[in-house]
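Contents: one structure, followed by commentary.
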Amino acid sequence: MENIKQALERLLGDALCKASGIEDVRANIISSSRPEFGDYQANGVMSVAKQLRRNPRDLAAETVACFQGDPRIAEITVAGPGFINIVLSDAYLARAATQALRVGDLIAATEQPLRIVVDYSGPNLAKEMHVGHLRGTIIGDCIARVLSALGHIVIRQNHVGDWGTQFGMLIAYMDSLQSEPQTATMELADLELFYRNAKARFDSDTGFAELARQYVVRLQQGDADCLRAWQHFIEHSLKHCEAIYDKLGVTLTSDDLRAESYYNNDLPLIIEELNAQGMLSVSDGARCVFLEEFKGKEGAPLPAIVQKSDGGFLYATTDLAALRFRGRTLNAERILYVVDARQSLHFQQVFAIARKAGFVPLDCRLEHIAYGTMMGKDGKPFKTRSGDTVKLQELLDEAVRRALNIVTEKNPELSQEARDRISNTVGISAVKYSDLSKNRTSDYVFDWDTMLSMEGNTAPYMLYAYARIRSILRKQAETGLACNLGEILPGGVEERALMVKLQQYTETLHVVAVDCMPSHLCTYLYELAGTFMRFYEACPVLKAEPTVRASRLSLVALTAEVLESGLTLLGLRTLESM
RNA sequence: GGGGGUAUAGCUCAGCUGGAUAGAGCAACGGCCUUCUAAGCCGUGGGUCUCAGGUUCGAAUCCUGAUACUCCCGCCA
């Protein structure tokens, strides 16, 4: 269904076409930059006027004259050098809010549902998840939730790293501990330690290193003992991931797993197909694909290596196999790779090769949803003092601990159980929000205080707004007085502002679905919460006279629904009280 | 050497793709709890949008150049 922004774009676009005599011009509608300019403004007239060398104010006036009128619009005026300012009618806003509350469909589904593969999280199972895995996991999860809510068919793919040389080393090490099972179990409990110990042994003990290499070969040849050991290790490591997903509230399940090893048998076929199409070249013994659009130094062609000189395959090969699977078997129409921005060249190459080789249909959209690198406070790539990464588990524990301190300070009367429950939600939400609210594409500075801050533009602010709302509705229920929810009436400025904001929820989600920027949803929800807070300060609900009370209660109920929906799409849990 | 990215308030970041007086939060200062949760609300101060040019009615946004930081560039993922 068309939202108001789309409707304005269409109506004023038509008017602008008539006034200018040009087909296909955009009215360029945005929500107004300042409240005195109305609710929406059209910025498109001026660029068209420029094109036609016409006076922009005259063209704006003509556009308004050509505008056929619409009951949803109360006022439409030309302003400044050629802006068109639009004020929505109070009656329409109240009616739209009433309708949304009554029917409960806050989100207008897309008119063109697509099969969309979202590849995200993809941790390396050789190690424990660290803070660097946070972004991809929660951004991907948010995007998947939003696309799904808009009616797309979303296929989540967790492309975990479970294959390659390091696994030979790890299972060789695990076997070497077989004689002391207790040590093995203990070390496996701390994957990071296990990896470090294995690596140390690998680096210092040449005999062990040789053994590890043999394990890799045996593993790839399908040796049953090796596979069993590998399976054991993978299952163990996956439990770590699942514990994190569970704690984070990420929707990924074991059904979404499609590990690197899944494509193992496809890898030789990829080489064959590329070869059959004449796309392969051999350079220094390695099999490469050279594409014209990628140039290295002095215009020299830039290779993408798909098979090493020793016959081994590389991650480009695996990614090609995954693309082929997604294109041909999953029948994806859009494929999103939520992966670190540093891999952008890699994906450009892989996408180009896959297209040329016909692994994916021509009209399949391939997008690298790149996110920025995590930096230290010094502006250099992030490392702790000891040179390690911060485990994701540690970050989440610290977040919950800090939240508990705050909860205890603010609400000492609450039971231990209640404080634990609240601090768990507040702490985890704060971590997720502080990441989601930043521009996905920029690098970001990892800092405990920023990451775990709970004031201002943070998840706790929005959870607090939500809890206040629930509290009003609870109090109303406690009075035992009947109050018919449903009819929302035009009200004062704060109520009006809230209604305007509420009906912008759908248009926000459509933007997020296109650009895959969860930060836009964060900004919207933050503004919605702020708008509600101002309404809350200015407009008594329960103490208002009956007609106004019923209307305000309905508005409050609708705000609760939108906030709850939006926070859920961000992947945050809500609280009834805090 | 080639290519990509970033540079906005003391700090962390927005800025809807060229629009109106560049916005938030934190930090600082001041005001608001006998009224639905003060994790809140209102107000004050804080800016050469890295620098230098250019394009035009109009630039933080586009183009050119410079500087700083960062990432990637044939057998790791």
Side-chain angles (χ1 to χ4, degrees), chain A residues 28-34 36-37 41 43 46-47 49-50 55-56 79-83 85 122 124 126 161 163-166 260 283-288 294-300 302-310 312 314-316 318-319 340-346 348 370 372-373 375 379-381 406-407 409-411 426 434 437-439 441-445 447 449-450 453-458 460-461 463-465 467-476 508 511 515 517 519-520 522-523 526-527 530 533-534 536-544 552 556 577-578:
Chain A
N28 197 5
I29 304 290
I30 64 168
S31 56
S32 284
S33 52
R34 311 175 72 82
E36 61 266 36
F37 299 149
Q41 63 185 64
N43 290 345
M46 289 171 289
S47 53
K50 186 181 198 166
N55 180 317
F83 297 99
N85 291 340
N124 180 355
W163 207 241
T165 42
Q166 40 194 340
E260 283 181 347
S283 170
D284 291 338
R287 288 177 149 164
C288 310
F294 300 100
K295 294 264 166 45
K297 16 185 120 164
E298 289 158 24
L302 193 67
I305 304 180
V306 291
Q307 190 170 24
K308 296 193 280 187
S309 47
D310 69 1
L314 290 120
Y315 74 131
T318 312
D319 276 332
D340 191 305
R342 286 177 288 193
Q343 298 199 34
S344 114
L345 176 61
H346 164 73
Q348 280 178 44
T373 310
M375 312 296 265
K380 302 214 156 115
I406 295 171
V407 175
E409 178 196 320
K410 306 264 183 200
N411 303 71
V426 169
S434 77
S437 62
K438 291 185 175 69
N439 185 320
T441 59
S442 348
D443 291 346
Y444 89 85
V445 177
D447 168 56
D449 291 330
T450 316
S453 109
M454 315 244 170
E455 280 182 342
N457 184 9
T458 63
Y461 176 84
L463 294 177
Y464 183 65
R468 281 179 139 186
I469 291 175
R470 300 303 307 179
S471 177
I472 295 175
L473 297 172
R474 213 165 32 239
K475 284 242 158 73
Q476 164 63 27
T508 305
V511 170
D515 65 17
M517 294 281 223
S519 56
H520 289 143
C522 291
T523 303
Y526 178 61
E527 285 169 4
M533 290 289 201
R534 282 183 286 278
Y536 182 94
E537 299 283 335
C539 305
V541 177
L542 299 178
K543 298 207 163 142
R552 285 182 180 169
V556 163
S577 63
M578 63 187 276

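The sequence lines fix the lettering, A, B, ..., with proteins before strands; numbering per chain opens at 1. Side chains are part of it too, since the values below use all heavy atoms of this structure and drop only hydrogens, waters and symmetry mates.
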Hey, is the side chain of [X] poking within less than 4.0 Å of OP1 or OP2 on [N], counting only N and O atoms?
{"X": "S442(A)", "N": "rA14(B)", "answer": "yes"}
{"X": "R342(A)", "N": "rG5(B)", "answer": "no"}
{"X": "H520(A)", "N": "rG15(B)", "answer": "yes"}
{"X": "Y461(A)", "N": "rC41(B)", "answer": "yes"}
{"X": "R468(A)", "N": "rG40(B)", "answer": "no"}
{"X": "T523(A)", "N": "rA14(B)", "answer": "no"}

All ring-ring contact (aromatic ring centres under 6.0 Å, His included) counterparts of Y464(A), not counting sequence neighbours: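 With sequence neighbours excluded, Y464(A) shows a ring-ring contact (aromatic ring centres under 6.0 Å, His included) to no residue whatsoever.
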From rC36(B), rU21(B), rU12(B), pick the nucleotide closest to the side chain of E36(A)?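 Nearest listed nucleotide: rU21(B).
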Check the interface with nucleotides 75-77 of chain B: list each N/O to N/O pair with the protein under 3.5 Å, or write none.
residue, atom, partner, partner atom, Å
rC75(B), O2, S309(A), N, 2.7
rC75(B), O2, S309(A), OG, 3.2
rC75(B), N3, S309(A), OG, 3.2
rC75(B), N4, D284(A), O, 2.4
rC76(B), OP2, K308(A), NZ, 3.1
rA77(B), OP2, Y315(A), N, 3.4
rA77(B), O3', E260(A), OE2, 2.6
rA77(B), N6, Y315(A), OH, 2.4

How is N85(A) classified with respect to the nucleic acid when contacts are heavy atoms under 4.0 Å: base, sugar-phosphate, or nothing?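 N85(A): base contact, heavy atoms under 4.0 Å.
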Which part of the nucleic acid does I406(A) contact within heavy-atom distance under 4.0 Å: base, sugar-phosphate only, or nothing?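 Base contact.
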Does Y536(A) lie flat on the base of rG40(B), that is, centres under 5.5 Å apart and planes under 30° off? no
Which pairs, protein N/O on one side and nucleotides 29-35 of chain B N/O on the other, fall under 3.5 Å?
residue, atom, partner, partner atom, Å
rU35(B), O2', K543(A), NZ, 2.9

Holding to side chain to side chain contact (heavy atoms under 4.5 Å, CB included), I want the full list of residues that pass it with Q343(A), two or more places apart in sequence or in another chain.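 Here the qualifying residues are Y315(A), V339(A), H346(A), F347(A).
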Among residues at least two apart in sequence or on other chains, which ones pass side chain to side chain contact (heavy atoms under 4.5 Å, CB included) with R474(A)?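 Partners of R474(A) under the side chain to side chain contact (heavy atoms under 4.5 Å, CB included) test: R470(A), S471(A), E478(A), E576(A), S577(A).
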Pairs under 3.5 angstrom, nitrogen or oxygen only, protein versus nucleotides 58-63 of chain B, please.
residue, atom, partner, partner atom, Å
rG58(B), O6, K50(A), NZ, 2.6

